[in-house]
2 protein chains.
Amino acid sequence: MRTIERLPKRQRQQQLSRLIEDNPFMTDRELNRLLKVSIQTIRLDRLELGIPELRERVKLMAERSYDSVRSLPLHEVIGDIIDLQLDKSGISIFEIREEHVFSRTGIARGHHVFAQANSLAVAVINDEIALTASADIRFVRSVALGEKCIAKAYVSSISGGSSKAKVDVFTYVGEEMVFQGHFVIYRSAGDEKLEGGDEHADRN
Amino acid sequence: MRTIERLPKRQRQQQLSRLIEDNPFMTDRELNRLLKVSIQTIRLDRLELGIPELRERVKLMAERSYDSVRSLPLHEVIGDIIDLQLDKSGISIFEIREEHVFSRTGIARGHHVFAQANSLAVAVINDEIALTASADIRFVRSVALGEKCIAKAYVSSISGGSSKAKVDVFTYVGEEMVFQGHFVIYRSAGDEKLEGGDEHADRN
DNA sequence: CAGCTGTTATCACCTGGTACTAATTTAGTA
DNA sequence: TACTAAATTAGTACCAGGTGATAACAGCTG
């Protein structure tokens, strides 16, 4: 057996890779039944392909998700709030990373930029519960992978003791403005028919 | 030993919970050394507390992250597009789940609802690259955990052979409108200074 | 003292493997 | 055809990290 026609092995190994890729929870036993080869062959194949055993695969996945939970994009506030004067103004920083961009072009997806601004607008309102009621937004220029977005929020009006506040948010990359939004935020004071959006999250 | 002074057990179990909580990758062996009790006691404690063994914990984490990858909130299109007539209209469904709501109240965070609408507005535009330029949005009422958001997008105008399209999106839960947005989308045709937001994602 | 809780110790067993050795099958060529 | 080498299968010992059952012991308490 020199070189020709040893495809079946290659093919099987490709299949094996694919199977494990799209269901990493398969045991060797299940795989040997699916691929109609002995369990030893499966193990040899994994060895050659550098695919770790089930438990290691599962552990790796868990570790990855454990790490990423610590910096999860859509839980709590998007972006790090670095300055906050309640009912007045606030500043947050948000770095555009792999998971935020469209892979073909490296341009940030709009909702991330929006989410940073929205989070900040909500955080700056000094209330137990604050929800976005409406917003008028503009993406001035596209934001690329690796760029740091600095969002600055200014409360422009707070209606008396009651329910609405207006917040303007401007997001910059360096000197350039990339986004602007005018938000109307509902506050908890005196209304039960809350209107949407985001609640107040921790302010650390 | 009636009731008084059996605190050490309770305390130990609390500590155990805490330890496992903030490092789920600990074996019973490591825990027994840390807490200075036998490994059997650790196992009994886990049993009483309903804490599964290391491998189960790790597997659960992996499964959670695996599930959420399949329906990842901010990658690709948010929501399932169930109908699409390019340059005309589109419909998508998005179910509000645990990871989309503010845990204290079960109210959906605004950017998810926005993200669904934004994704759909972009998807409905028949162009290689489409980016959100601006939007005017309103959260009509808050959306709760478990509710299914049906977003309907209508292209209201496409400016000649050139760069802008207007898309109106209305999102409903049952009969009720919960969100409305008017989007201006930039299209790839004839402009390099693209303006932000979201690119065109797969349409399946 | 009996009885109870709590703790520790053993022992058999389980899953999903690794590591190694050996036999068997298959295919290709001298 | 016989030889050779790769590929596959089989079997064994061993491992981590457990479960489950059973037993023994300590210490207090009524």
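Below, chain A is the first sequence line, B the second, and so on; all start at residue 1.
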Has the side chain of B:Arg55 got a donor or acceptor that lies under 3.5 Å from a partner of the other kind on the base of D:dG17? yes
Quick check: any donor-acceptor pair below 3.5 Å linking the side-chain of A:Arg43 to the base of C:dT18? no
Between A:Phe114 and A:Phe183, how do the two ring planes meet: parallel, tilted or perpendicular, split at 30° and 60°? tilted
Evaluate the ring planes of B:Phe170 and B:Tyr154, with Trp represented by its six-membered ring, and classify them as parallel (under 30°), tilted (30 to 60°) or perpendicular (over 60°). tilted
Whole angstroms only, please: what is the [atom1]-[atom2] distance between [X] and [N]?
X	N	atom1	atom2	answer
A:Asp28	C:dT18	CG	C1'	11 Å
B:Lys9	D:dG27	NZ	C1'	15 Å
B:Ile20	D:dG17	CD1	P	14 Å
A:Phe25	C:dG16	CZ	P	13 Å
A:Asn32	D:dG11	CG	P	14 Å
B:Leu60	D:dG18	CG	C1'	15 Å
B:Glu56	C:dG16	CD	C1'	13 Å
B:Asp45	C:dT5	CG	P	16 Å

Report yes or no: does B:Arg187 contribute a side-chain atom to a donor-acceptor pair with the main-chain N or O of B:Asp127 at less than 3.5 Å? no
Tell me whether B:Arg57 contacts the main-chain N or O of B:Met26 through its side chain, where contact means a donor paired with an acceptor under 3.5 Å. yes
Return no unless some side-chain N or O of A:Arg12 is found under 4.0 Å from OP1 or OP2 of D:dT8. yes
B:Thr41 side-chain N/O to C:dT7 phosphate OP1/OP2 under 4.0 Å: no
Contact class for B:Ile39 (heavy atom, under 4.0 Å): base, sugar-phosphate, or nothing? nothing
With a non-hydrogen cut-off below 4.0 angstrom, is B:Arg46 in contact with a base, only sugar-phosphate, or nothing? sugar-phosphate
Heavy-atom nearest pair, A:Val113 first then A:Ala108, reads CG2-CB, 4.4 Å
Which of these nucleotides, [options], is closest to any side-chain atom of [X]?
X	options	value
A:Glu53	D:dG17, C:dG17, C:dT7	C:dG17
B:Leu47	D:dG20, C:dG17, D:dT8	D:dG20
A:Ser38	D:dA10, C:dT7, C:dG16	D:dA10
B:Leu54	D:dG18, D:dT8, C:dG16	D:dG18
B:Leu44	D:dT8, C:dT7, C:dG16	C:dT7

If each of A:Met26 and A:Gln40 is mapped to the nucleotide of DNA chain C with the nearest heavy atom, which maps nearer the 5' terminus, i.e. the 5' end? A:Met26
